Amino acid sequence: MGLKDNAISYGSALVLSLLLLLLFPLLHETEGCDMFTGWWVKDASYPLYDPSTCPFIRREFACKKNGRPDLDYPTFRWQPQDCKLARFNGVEFLEKNKGKKIMFVGDSLSLNQWQSLTCMLHSSVPNSPYNLTTQGTISTFTFQEYGVELKLDRNVYLVDIVREKIGRVLKLDSINDGHNWSEMDTLIFNTWHWWSRRGPSQPWDYIQLGTNVTKDMDRVAAFEIALGTWGKWVDTVVNTQKTKVFFQGISPSHYKGALWGEPTAKSCAGQTEPLLGTTYPGGLPTEVGVLKRALGKISKPVTLLDITMLSLLRKDGHPSSYGLGGHTANDCSHWCLSGVPDTWNEILYNYMVY
């Protein structure tokens, strides 16, 4: 083989190598990419929608409308360290899920993510008719042209609370509301936010496990038992050949500045930028390990949207005093829209469409 042939071979190999390098960032987790380890980058093409064009955003998430003066928080994009997320395409999502039912089940963080997804989709097809209804604990947002139903079931513990003679009983080994979750094509579950509630906001009086009824118990232990009950429900009831099952993961709060290296900060108030880097100085909360242990015991496929670390880095993403309570409250648990939950949904999109 002559020098000319060598040059052609080398040139072909170089072109092939460049093509592979270009294609590599588009690989997703199913092909070896960890979508949950990375960092936040400023991106002028974000946010994915203007919240003013989303008329159904609830007041508690409408930070811009509530007067938040800094507007950089929606302009950050999540960048996994060894791949690139496919950018959310609402039309593609609706086409892929035509005629299907997608349900979020959980607390107000599920509401946060559900509202985010409805806004992301509505902004993609602004002239497409929609219908929003609520019946009992279930809200349904229907894109009529596509026959796509986005549902939310407000169920904060997943297991049951039953009113009995002694009072309201949280039953750690009972799921009777599962009938609300049947016939879905995709289920995205979530629970944790309410497990530490005490006092007037605690919606139960006793905890029951089997025949044992107690006034209280270790809340993390109760959380793990309830997750085990839910996992058995998935294994017993859900046909995962038909229904994809996700768990939203643990959405973190930011009330202790010492955890992100700012000891004088008592909350997220006044935070305007994400943390740099890929790790959170305070580490992951205990409940993340509990959740992963519980998911590991489920035999059927359940995908964890492991959003804790990427959300921990976003101390700037909460409503703080621009949420439901206004300047009389400081919400460092929920998230502004547009904002961090849009990234949760962009990752969900990468799982559901690719």
Side-chain angles (χ1 to χ4, degrees), residues 103-113 136-138 152-182 187-238 245-256 259 282-300 302 304-308 329 331-334:
M103 177 178 271
F104 292 85
V105 183
D107 54 34
S108 52
L109 276 311
S110 290
L111 168 64
N112 218 170
Q113 187 176 2
T137 62
I138 299 175
L152 170 74
D153 184 5
R154 292 290 292 273
N155 185 312
V156 301
Y157 294 108
L158 302 184
V159 293
D160 299 329
I161 297 177
V162 179
R163 188 173 291 276
E164 298 184 349
K165 287 183 180 179
I166 58 171
R168 302 163 299 172
V169 182
L170 176 62
K171 295 180 178 281
L172 296 181
D173 53 3
S174 171
I175 294 183
N176 288 320
D177 285 342
H179 63 88
N180 291 331
W181 315 333
S182 62
L187 288 164
I188 306 103
F189 291 96
N190 161 58
T191 184
W192 167 249
H193 195 55
W194 282 68
W195 284 93
S196 59
R197 291 285 179 100
R198 300 180 188 274
S201 66
Q202 178 184 299
W204 50 266
D205 305 303
Y206 295 90
I207 295 181
Q208 182 174 351
L209 180 60
T211 58
N212 183 46
V213 179
T214 181
K215 193 70 179 169
D216 208 344
M217 66 179 290
D218 179 274
R219 301 301 182 80
V220 175
F223 170 63
E224 186 161 12
I225 293 167
L227 286 175
T229 301
W230 168 78
K232 289 173 185 172
W233 177 87
V234 171
D235 276 339
T236 305
V237 176
V238 180
V245 181
F246 294 88
F247 200 98
Q248 183 195 49
I250 304 295
S251 175
S253 300
H254 289 90
Y255 288 103
K256 296 179 182 177
L259 294 176
L284 292 170
T286 304
E287 55 271 19
V288 174
V290 174
L291 171 60
K292 289 183 177 180
R293 187 161 61 241
L295 292 177
K297 295 176 182 177
I298 302 173
S299 60
K300 288 186 177 176
V302 176
L304 173 63
L305 298 177
D306 196 5
I307 49 88
T308 308
D331 183 357
C332 298
S333 295
H334 300 98

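Model, not experiment: these values are computed from the prediction.
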Provide the closest heavy-atom pair for [X] versus [Y] in the form atom of the first, atom of the second, distance.
X: Asp218; Y: Val220; answer: OD1-N, 3.1 Å
X: Lys215; Y: Tyr206; answer: CD-CE2, 3.8 Å
X: Thr308; Y: Pro252; answer: O-CG, 3.8 Å
X: Ser174; Y: Asp160; answer: OG-OD2, 2.5 Å
X: Ser201; Y: Trp194; answer: O-CZ3, 3.3 Å
X: Ser196; Y: His193; answer: OG-O, 4.3 Å

Atom [atom1] in [X], atom [atom2] in [Y]: separation rounded to 0.5 Å?
X: Ile138; Y: Met103; atom1: CD1; atom2: CE; answer: 4.5 Å
X: Leu158; Y: Leu227; atom1: CG; atom2: CG; answer: 7.5 Å
X: Phe104; Y: Leu109; atom1: CZ; atom2: CG; answer: 12.0 Å

Beyond-backbone contact of [X] with [Y], side-chain heavy atoms, under 4.5 angstrom:
X: Phe247; Y: Thr191; result: yes
X: Tyr157; Y: Leu172; result: no
X: Ser182; Y: Val237; result: no
X: Asn176; Y: Lys171; result: no
X: Trp192; Y: Ser251; result: no
X: Trp181; Y: Asn155; result: yes
X: Met217; Y: Ile225; result: yes

*Would Leu170 and Trp195 count as a side chain to side chain contact (heavy atoms under 4.5 Å, CB included) if you check the C-alpha gap in whole Å, the side-chain angles of each, and the deciding distance to 0.1 Å?*
CA-CA 11 Å; Leu170 176 62; Trp195 284 93; 3.9 Å; yes

Return the set of residues passing side-chain hydrogen bond (donor to acceptor under 3.5 Å, both in side chains) with [X] (not counting sequence neighbours), or none when no residue passes.
X: Asn190; result: Asp107, Ser110, Gln248
X: Arg163; result: none
X: Ser108; result: His334

*Take Trp204 and Asp216 through the side chain to side chain contact (heavy atoms under 4.5 Å, CB included) test and state the conclusion after the steps.*
CA-CA 10 Å; Trp204 50 266; Asp216 208 344; 3.6 Å; yes

*With sequence neighbours left out, write down each residue that passes salt bridge (Lys or Arg N to Asp or Glu O under 4.0 Å) with Asp173, or none if nothing qualifies.*
none

*Could I get the full list of salt bridge (Lys or Arg N to Asp or Glu O under 4.0 Å) partners for Arg197, not counting sequence neighbours?*
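With neighbours one apart ignored, the set is empty.
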
_I'd like to know whether Asp235 forms a salt bridge (Lys or Arg N to Asp or Glu O under 4.0 Å) with Lys300, so could you lay out the CA-CA distance, the side-chain angles of the two residues, the decisive distance to 0.1 Å, and finally the verdict._
CA-CA 6 Å; Asp235 276 339; Lys300 288 186 177 176; 5.8 Å; no

*According to the side-chain hydrogen bond (donor to acceptor under 3.5 Å, both in side chains) rule, which pairs have a member within residues 223-232, sequence neighbours left out?*
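Non-adjacent pairs meeting side-chain hydrogen bond (donor to acceptor under 3.5 Å, both in side chains): Glu224-Arg293.
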
